[in-house]
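Each remark here refers to the structure printed beneath this line.
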Amino acid sequence: MSIEYLGLSEINGPLIVLEGVQDAAFDEIVELTVDGKEKKLGRVIEVYEDKAVIQVFEGSDNMSLKNTHTRFTGHPMEIGLSPDILGRIFDGAGRPIDDLGPVNAEEKRNINGQPLNPVAREYPRNYIHTGISAIDGLTTLIRGQKLPIFSGNGLPHDQLAAQLVRQASLGADSNEQFAVVFAAMGAKHDVADYFKRTFEESGVSDHVVMFLNLANDPVVERLITPKVALTAAEYLAFEKNMHILVILTDMTSFAEALREVSSSKGEIPSRKGFPGYLYSEFATIYERAGIIHGSEGSVTQIPILTMPNDDITHPIPDLTGYITEGQIVLDRSLHGQSIYPPISILPSLSRLMKDGIGEGFTRKDHQDLANQLFSCYAKVGEARALASVIGEDELSDIDKKYLEFGKAFEQQYLKQTETENRSIETTLDIGWQLLSMLPKAELDRVDTKILDEYYPDDSSQK
Amino acid sequence: METKTGNIFGINGPIVYLKGNTGFKISEMVYVGENRLVGEVIHLTTEQTTIQVYEETTGLKPGDVVTATGNAISVTLGPGILNNIFDGIQRPLQGIAEKSGAFISSGVQLDALDAEKKWKTHLTIKEKDYVSGGSIIAEVQETSSIVHKAMVPPGVEGQILSVQPDGDYTIEDVIATVLLSDGTEYPLRLAQKWPIRVPRPVANRYPASKPLITGQRILDTLFPIAKGGTAAVPGGFGTGKTMTQHQIAKWADADIIIYIGCGERGNEMTQVLEDFSKLIDPRTKKPLMDRTALIANTSNMPVAAREASIYTGVTLAEYYRDMGYDVAIMADSTSRWAEALRELSGRLEEMPAEEGFPAYLASRLSQFYERAGLMQNLNGTEGSVSIIGAVSPQGGDFSEPVTQNTKRFVRCFWGLDKSLAYARHFPAIHWLTSYSEYLSDLSPWYANNVAHNFVDYRNQIMTLLNQESSLMEIVKLIGSDVLPDDQKLVLEIARVIRIGFLQQNAFHPEDTCVPMEKQYRMMETILHLYNRSKALISLGMPVRILKESGIFDRITSMKYEVPNDNLSLFENYHKEIDDFYEEIMKQNA
């Protein structure tokens, strides 16, 4: 079955072309041997009769048209899985790099996955407590959600993600099994080390699976790293009934790798040189989050991406936002004021929040309170814009109150330390304390009954 | 009939090439490879046949056999469509789940509609009747709220030769036969097939005359859509496109809703399924799912089927229109469909036009939206298809090709605004960028069915909002203190309109859907407050005094205080406004 072909007919960046091939299948994995010793993996991305275009994960270094043996494996990319992968470290293509030897695979899975049938999905409703006010209170994370962090270079997205991993808990029923799948695409060594250390220090490292494609690792390998990681996550969640938190960093590198390969294939670019299928590619990654009816596990995704030039309308954050269930946006000016986490709450959103909070989940005033804080903070922005034109002194009394509220909100609600784990009650109570700085009549998003119950009375004369 | 076959020559993602002149027809449905994946012929030359495949092409090889079916890619139309969920090429997702588990594997062979189920059928024709395309031949109670009317397929005409008695039949049983003019016999069944890219024929097109009532104040009052109309809902992510679509699908007074989830999130489709099965239609008192069919082609399902899902949806809608029903289509989102066109066009290496979209984007969009309309059907009944398409502009920028081209073919534009969404003003439809061209067509309906001065009030509200926006330009520069009192009053009233009228809480049991009468009474009350306050101000009363009375805040919250079934409470508000006026007049006399 396994015929080996010697030689190639074309090499173009990470793409190689092989002619005279029989029976090459679309999307099949090939094994390449360079000079009889160096092993590489590749994937068939186009076939025309007896000609196959292959994308080499490790790049085409050292390859010539003569020195390469190619063997077609006859199956798409697969990885071996077993519960033993917990605590292990793999490279971007799923090969162990921690000197602990190969994994005894219980089963092999196609990394491309398959779309989850909407009728088999269960709508996510259970909230994950993170201890971070801006997230718990205003952009609540729900089990089975995909909630990306939109960040920029130099912003503390890694610290935030690490804090999420350390503090995320399911509340009272926390005897359920919980694990983290961490995938780095083009991440810096320091970043990978930081995460490794954080996982060790917080004692979760035996519940973490790491897939590392670092910044100097082959670019093309990045294209399969998230798929390998999510295949592992799906296996642990839906076969082993665990609750999996997947962290993908950095999706921008993934998209750039896609652009690189697309342009060497000579494809027609759409926006900013990215291929037209960037959306579909993103979707096949992000949509692999969720809960299945009758299964106890879940996959929750926190992809991290750096917005080029902090531009939220750039195709990468833009297309991501259209697929994910909300986004957490980090802001450079908050960061500049030493506010951690620098979450810009107005563009941030959790789409699944509304069904996972309130009575029975958090507290009945949660939704109204969140709406009111959003609405008041939006007015803070207007007041600040006005103040920058006419000066603070000229503002009306109510606008001045909004300025005060805005400052207090940033200092007391948003700002916390990297180890501070606030309870949901604390978060909500701080919210009411802040609202009490404003006259009751300004609070037009809160149901009258809830307002009477929670609005702190002692300050109502203000 | 001999089946034509060909062999695969090349594969590039969802596009497959065959060599030579295969004799396939354009738009013909084909089966590709061992797993018999569904595909469609999209391009023919004497040297090469191009096919787009509706499933994952992983594992296909050059040399694999492609079999032609002889038919264009079609949907099956018959009882069983409602209260069901399909993928983009009308395969039942429930059935796929039973067959292949929680994940969708490729090559699943399934009938679109359950062919085993027996429907209790009442035949409405008798022997010797003369029937033609569209004639109703039988009735089936499809769901608790909808009677399904089986029809003669368009193009078939002749005398009924035989009719089965009333009884239980499957969609494939022959329930009658027709003698065609050429002497052949044609069997009639409960179900028929129709190609998705061909509009079903109608007798006549009527001008728009009645609104599609959605229960959403900003839509019904300010920017109404007609039954048989078209609307676009553009907005960046997080501005509430899907929420708007869900609200309309829940509360619109259409008989049938076809909800197309085209390239959107899987969890959203699950939510529609869960919610709509629990929610009760306020008009029929039956579950909403009983009038709904869902087409779910989520973003991670194959891209070619995403392209087809829009046509599948509109064909189902036209079929129910032919029975005489008012059908509304929610297409969420047409941008994903346009992007699927772009993706496939890129794979075909076609010359791109704007932003990489193919040059035929505009003509495809117009073909789709033109399938909407208020029609006289072939059988004489009147039915409508309304299309409400969400648009997801790249970067929230409305100048991109999909939004711009859509704008040319729709007559309602409900522009969602990011800053409103950031301030959690929902629905975040911006009153200055949105428009409806149906307003003048629908004015007579409002005058006859709601109130003679409805449109006049509506225009007054719009004027106030526009005045506010130009005043805000000044306020942004120098603050509001310098404005004269009558202009300050405009700002205050506009605030009442924005918060008390335009903002609508989808999670509040009373506020989620508001009847026309209440919308009218709310407008009336706000304008009454405005007129009375204006009178006071013209007498020299400062706005500050009026505001301190709290009357503005009470009017703002009337949307929650007045139940939808007890509109007489508006009298109290009127009285309160009058009392307030009298009192201030007295104090300052």
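This structure is a prediction, so every number in the text was calculated from the model and none was measured. In what follows, every chain begins at residue 1, and chains take the letters A, B, ... in the order their sequences are listed. Just so you know, these numbers use all the heavy atoms, side chains as well, and skip hydrogens, waters and symmetry mates.
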For K51(A), is it the side chain, the backbone, both or neither that has a heavy atom under 4.5 Å from a heavy atom of chain B?
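Neither part.
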Do you know the tightest heavy-atom contact between [X] and [Y]?
{"X": "F103(B)", "Y": "E234(A)", "value": "CE2-OE2, 4.2 Å"}
{"X": "E350(B)", "Y": "I268(A)", "value": "O-CD1, 3.2 Å"}
{"X": "P115(A)", "Y": "M301(B)", "value": "CB-CG, 3.6 Å"}
{"X": "P347(A)", "Y": "Y422(B)", "value": "CB-OH, 3.2 Å"}
{"X": "A423(B)", "Y": "A378(A)", "value": "CB-CB, 3.6 Å"}

Between [options], the one whose heavy-atom pairs under 4.5 Å with chain A are most numerous:
{"options": "E56(B), M351(B), E268(B), R347(B)", "value": "R347(B)"}
{"options": "S105(B), S100(B), G101(B), S345(B)", "value": "S105(B)"}
{"options": "G13(B), S557(B), A296(B)", "value": "G13(B)"}
{"options": "G238(B), A97(B), S392(B)", "value": "S392(B)"}

Between [X] and [Y] (side chain of the first, backbone of the second, donor and acceptor by atom type, cut-off under 3.5 Å), is there such a pair?
{"X": "T270(B)", "Y": "P118(A)", "value": "yes"}
{"X": "R271(A)", "Y": "G356(B)", "value": "no"}
{"X": "E287(A)", "Y": "G266(B)", "value": "yes"}
{"X": "Y123(A)", "Y": "L273(B)", "value": "no"}
{"X": "R424(B)", "Y": "L373(A)", "value": "no"}

Side-chain touch [X]/[Y], heavy atoms, less than 4.5 angstrom:
{"X": "F9(B)", "Y": "V47(A)", "result": "no"}
{"X": "S299(B)", "Y": "Y279(A)", "result": "yes"}
{"X": "E281(A)", "Y": "N300(B)", "result": "no"}
{"X": "E49(A)", "Y": "K19(B)", "result": "yes"}

Taking the six-membered ring of Y322(A), is NZ or CZ of R336(B) closer than 6.0 Å to its centre and within 45° of its axis?
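The answer is yes, since R336(B) meets both limits relative to Y322(A).
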Stepwise, does the side chain to side chain contact (heavy atoms under 4.5 Å, CB included) test hold for Q327(A) with F237(B)?
CA-CA 10 Å; Q327(A) 63 277 339; F237(B) 57 83; 3.4 Å; yes
Strictly below 4.0 Å, N to O, side chains only: are K476(B) and E382(A) in salt-bridge contact?
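Judged by the 4.0 Å cut-off on N to carboxylate O distance, K476(B) and E382(A) do not form a salt bridge.
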Please look at [X] and chain A and tell me whether the side chain, the backbone, both or neither of the residue comes under 4.5 angstrom of a heavy atom of that chain.
{"X": "E55(B)", "result": "neither"}
{"X": "R265(B)", "result": "both"}
{"X": "N267(B)", "result": "both"}

Heavy atoms of other groups near [X] [atom1], more than 12 under 6.0 Å:
{"X": "K354(A)", "atom1": "NZ", "answer": "yes"}
{"X": "E392(A)", "atom1": "CD", "answer": "no"}
{"X": "K99(B)", "atom1": "NZ", "answer": "yes"}

Which residues satisfy the salt bridge (Lys or Arg N to Asp or Glu O under 4.0 Å) test with E355(B), sequence neighbours excluded?
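Expected list: none.
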Could I get the full list of salt bridge (Lys or Arg N to Asp or Glu O under 4.0 Å) partners for E349(B), not counting sequence neighbours?
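Counting only residues at least two positions away or on another chain, E349(B) forms no salt bridge (Lys or Arg N to Asp or Glu O under 4.0 Å).
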Step by step, work out the side chain to side chain contact (heavy atoms under 4.5 Å, CB included) result for V119(A) and E98(B).
CA-CA 10 Å; V119(A) 304; E98(B) 279 156 23; over 6 Å; no
Part of residues 289-298 of chain A lying next to chain B, heavy-atom separation under 4.5 Å
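Counting heavy atoms that sit under 4.5 Å from chain B, the residues of residues 289-298 of chain A involved are I292(A).
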With no hydrogens and no angle check, do the side chains of R306(B) and S280(A) hold a donor and an acceptor under 3.5 Å apart?
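There is such a pair between these side chains.
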Test salt bridge (Lys or Arg N to Asp or Glu O under 4.0 Å) on E28(A) and K61(B) and set out the steps.
CA-CA 10 Å; E28(A) 161 176 25; K61(B) 291 175 182 172; over 6 Å; no
Pairs of heavy atoms under 4.5 Å with chain B: top-ranked of G321(A), A120(A), S375(A):
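Of G321(A), A120(A), S375(A), G321(A) has the most heavy-atom pairs under 4.5 Å with chain B.
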Is there any side-chain hydrogen bond (donor to acceptor under 3.5 Å, both in side chains) pair reaching into residues 110-119 of chain A, and which pairs are they, with sequence neighbours excluded?
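Matches after skipping sequence neighbours: D27(A)-N112(A), N110(A)-N112(A).
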D444(A) and R498(B): salt bridge (Lys or Arg N to Asp or Glu O under 4.0 Å), yes or no, with the steps?
CA-CA 12 Å; D444(A) 48 27; R498(B) 280 190 286 112; over 6 Å; no
